[in-house]
There are 2 protein chains.
Amino acid sequence: MRLTTKGRYAVTAMLDLAIHAGKGPVSLADISERQGISLSYLEQLFAKLRRNELVRSVRGPGGGYQLNREQRDINVAQVIDAVNESVDATGCGHTGSCQDGSICLTHHLWCDLSSQIHDFLSQITLADLMERSDVRSVAKRQDREHSSAFEDSLISAKVTA
Amino acid sequence: MRLTTKGRYAVTAMLDLAIHAGKGPVSLADISERQGISLSYLEQLFAKLRRNELVRSVRGPGGGYQLNREQRDINVAQVIDAVNESVDATGCGHTGSCQDGSICLTHHLWCDLSSQIHDFLSQITLADLMERSDVRSVAKRQDREHSSAFEDSLISAKVTA
DNA sequence: CTAATAGTTGACTAAAATAGTCGGTTATTG
DNA sequence: CAATAACCGACTATTTTAGTCAACTATTAG
Ligand code: FES
Ligand code: FES
């Protein structure tokens with residue numbers, strides 16, 4: 001089983017998408033800046049998220065990504081699965097064959113653990129996360145921090161006008 | 001968070017130790033053969049298990065390892081922690097600082113997940129595992145498969161006698 | 001005593017996964 | 001048409017895993 005920055009980035013990015021929805025598509029450049037994730041890396045992750053139909057894309061200027069389902073209908077396990085291919089704690093992929101074809105001594109333990117984790121994560125939706133006070137306050141801070149860039153773009157727009 | 005063969009091996013080996021306790025110390029060579037784990041790798045893992053006082057060692061012929069506590073008092077989380085240094089799903093080690101010093105959007109989620117996993121694994125002791133029917137049947141199979149070596153040693157003992 | 005056993009230690013290594021980067025292409029819109 | 005932003009494939013540095021190897025130390029059976 002592996003849960004590294006890859007899965008964490010994916011969930012964070014999806015949550016950012018959920019938070020900033022409603023005002024049209026969100027570009028990866030925005031997510032990159034707000035969440036401090038490399039743009040090129042985000043592109044890789046979103047390719048997988050799109051293949052798993054968790055997001056849809058809009059190309060061209062003003063484009064970006066949008067959630068492909070209701071926030072209530074996307075849970076954390078789905079997001080991690082999409083980029084990580086499975087949250088599996090067994091060494092055999094549930095086939096029961098990690099000791100040269102036979103089942104090992106601890107196979108069932110890892111199966112139990114896997115479903116424990118999966119149950120927990122699949123219970124939590126993006127909508128749930130958005131309601132949490134800790135998430136809201138962090139999101140608020142991030143918007144404040146990067147509003148300067150937003151203002152800059154407004155100013156430069158004025159200047160060129 | 002990482003749960004790979006390292007942690008799985010450690011738990012498997014500790015369970016093997018528990019199963020074959022009572023007849024004196026168990027050598028790593030025996031565990032290696034029964035569980036199909038490299039002897040040299042086991043040595044590395046048991047160095048850590050010993051440093052964490054989960055096992056004690058007996059040197060010399062007839063030596064090996066023994067559990068350093070009651071089977072009821074050793075749980076799976078302790079074993080994994082000993083070799084893996086923490087079952088932590090956060091990217092910041094619970095310090096809340098993975099976005100250049102500040103807390104990230106999903107920090108609390110990973111904290112919750114970490115304690116979920118830890119609670120689950122720390123609830124399961126070696127004694128619990130030994131009572132499980134699936135563990136008992138796999139152990140029985142392994143003893144059968146490797147009884148030939150055991151018989152061989154009996155025979156050679158008879159011959160030399 | 002001595003030879004065999006089995007733990008102890010440290011350094012080293014091959015292979016895999018992670019966490020990216022880079023350069024270019026394609027579709028869209030103002 | 002030019003800017004934007006998604007799309008795609010290949011490439012790379014770093015880290016971790018999973019292991020090997022060689023040498024050393026303590027213990028005990030004979
Ligand atoms: S983990 Fe499934 S057989 Fe070992
Ligand atoms: S996981 Fe703790 S701050 Fe990001």
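Here is how names work: the chains are called A, B, and so on, in the same order as the sequence lines, proteins then strands, and each is numbered from 1. Just so it is clear, the model here is predicted, and its values are computed rather than measured.
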Q | Those residues of residues 40-47 of chain A lying under 4.0 Å from DNA chain C by at least one heavy atom | A | A/Ser40, A/Tyr41, A/Gln44
(Q) If I take atom CD in residue A/Glu33 and atom P in nucleotide D/dA5, what distance separates them, rounded to the nearest angstrom? (A) 12 Å
Q. Do the side-chain N and O atoms of A/Asp30 and A/His146 include a donor-acceptor pair separated by under 3.5 angstrom?
A. no
Q: Ignoring the backbone of A/Thr4, work out which of C/dT18, D/dA18, D/dA6 is nearest its side chain.
A: C/dT18
**Q.** Atom-pair distance (CG on B/Leu49; C1' on C/dT8), nearest Å
**A.** 14 Å
Q.
Can you see if the side chain of B/Thr5 gets near the phosphate of D/dA18 - specifically, an N or O under 4.0 Å from OP1 or OP2?
A. yes
Q: Measure up the B/Tyr41 and B/Tyr9 rings against each other and bin them: parallel (under 30°), tilted (30 to 60°), perpendicular (over 60°).
A: perpendicular
**Q.** Below 4.0 Å: OP1/OP2 of D/dA18 and any side-chain N or O of B/Ser38
**A.** no
Q. To the nearest angstrom, how far is A/Tyr65 atom OH from D/dT4 atom P?
A. 18 Å
Q) In whole angstrom, what separates A/Ile37's CD1 from C/dA19's C1'? A) 12 Å
Q: Report yes if a side-chain nitrogen or oxygen of A/Tyr9 is closer than 4.0 Å to either non-bridging phosphate oxygen (OP1 or OP2) of C/dT18; otherwise report no.
A: no
**Q.** More than 12 heavy atoms of other groups within 6.0 Å of B/Arg132 CZ
**A.** yes
Q.
As a test of reading the structure: which of D/dA6, C/dT18, C/dG7 is closest to the side chain of B/Leu28, going by heavy atoms?
A. C/dG7
Q.
Tell me if the CZ atom of B/Arg136 is crowded by more than 12 foreign heavy atoms within 6.0 Å.
A. no
Q: Give a yes or no on whether the backbone of B/Gln78 and the side-chain of B/Asp81 come within a donor-acceptor separation of less than 3.5 Å.
A: no
Q | Atom-to-atom span, CZ of B/Arg51 to P of C/dG7 - whole angstrom | A | 16 Å
**Q.** Atom-pair distance (CG on A/Asn84; C1' on C/dA19), nearest Å
**A.** 13 Å
Q) Among D/dA18, D/dA6, C/dT18, which is the nearest nucleotide to the side chain of A/Lys6? A) C/dT18
Q. OP1 or OP2 of D/dC7 sitting under 4.0 Å from any side-chain N/O of A/Arg56?
A. no
Q: Please confirm whether the backbone N or O of B/Tyr65 pairs with a side-chain atom of B/Arg50, one donor and one acceptor, at under 3.5 Å?
A: no
Q: Determine the minimum heavy-atom distance between A/Asn52 and A/Arg69, stating which atoms define it.
A: O-NH2, 3.8 Å
Q.
With a cut-off of less than 4.0 Å, is there a side-chain N or O of B/Arg8 near OP1 or OP2 of D/dT17?
A. no
Q. Starting at the 5' end of DNA chain D and moving along, which residue's nearest nucleotide shows up first, A/Gly62 or A/Arg50?
A. A/Gly62
Q. Under 6.0 Å from the CD atom of B/Glu43, do we count more than 12 heavy atoms belonging to anything else shown?
A. yes
Q: Kindly state each residue pair satisfying salt bridge (charged side-chain N to carboxylate O under 4.0 Å, His left out) with at least one member in residues 88-101 of chain A, sequence neighbours excluded.
A: none
Q: State which residue, out of A/Asn75, A/Val87, A/Ile117, fulfils the side chain to side chain contact (heavy atoms under 4.5 Å, CB included) condition with A/Ile80.
A: A/Val87
Return the polar atom pairs (N/O with N/O) between nucleotides 27-29 of chain C and the protein under 3.5 Å, or none.
{"from": "C/dA27", "atom 1": "O4'", "to": "A/Arg59", "atom 2": "NE", "distance (Å)": "3.4"}

Q.
Whole angstroms only, please: what is the NZ-C1' distance between A/Lys48 and D/dC8?
A. 14 Å
Q.
For a quick test of reading the model: is some side-chain N or O of B/Arg2 closer than 4.0 Å to OP1 or OP2 of D/dT16?
A. no
Q) Rounded to the nearest Å, what distance is computed from the CD atom of residue B/Gln66 to the P atom of nucleotide C/dA6? A) 14 Å
**Q.** Closest nucleotide among C/dT21, D/dA5, C/dT8 to the B/Ser57 side chain
**A.** C/dT8
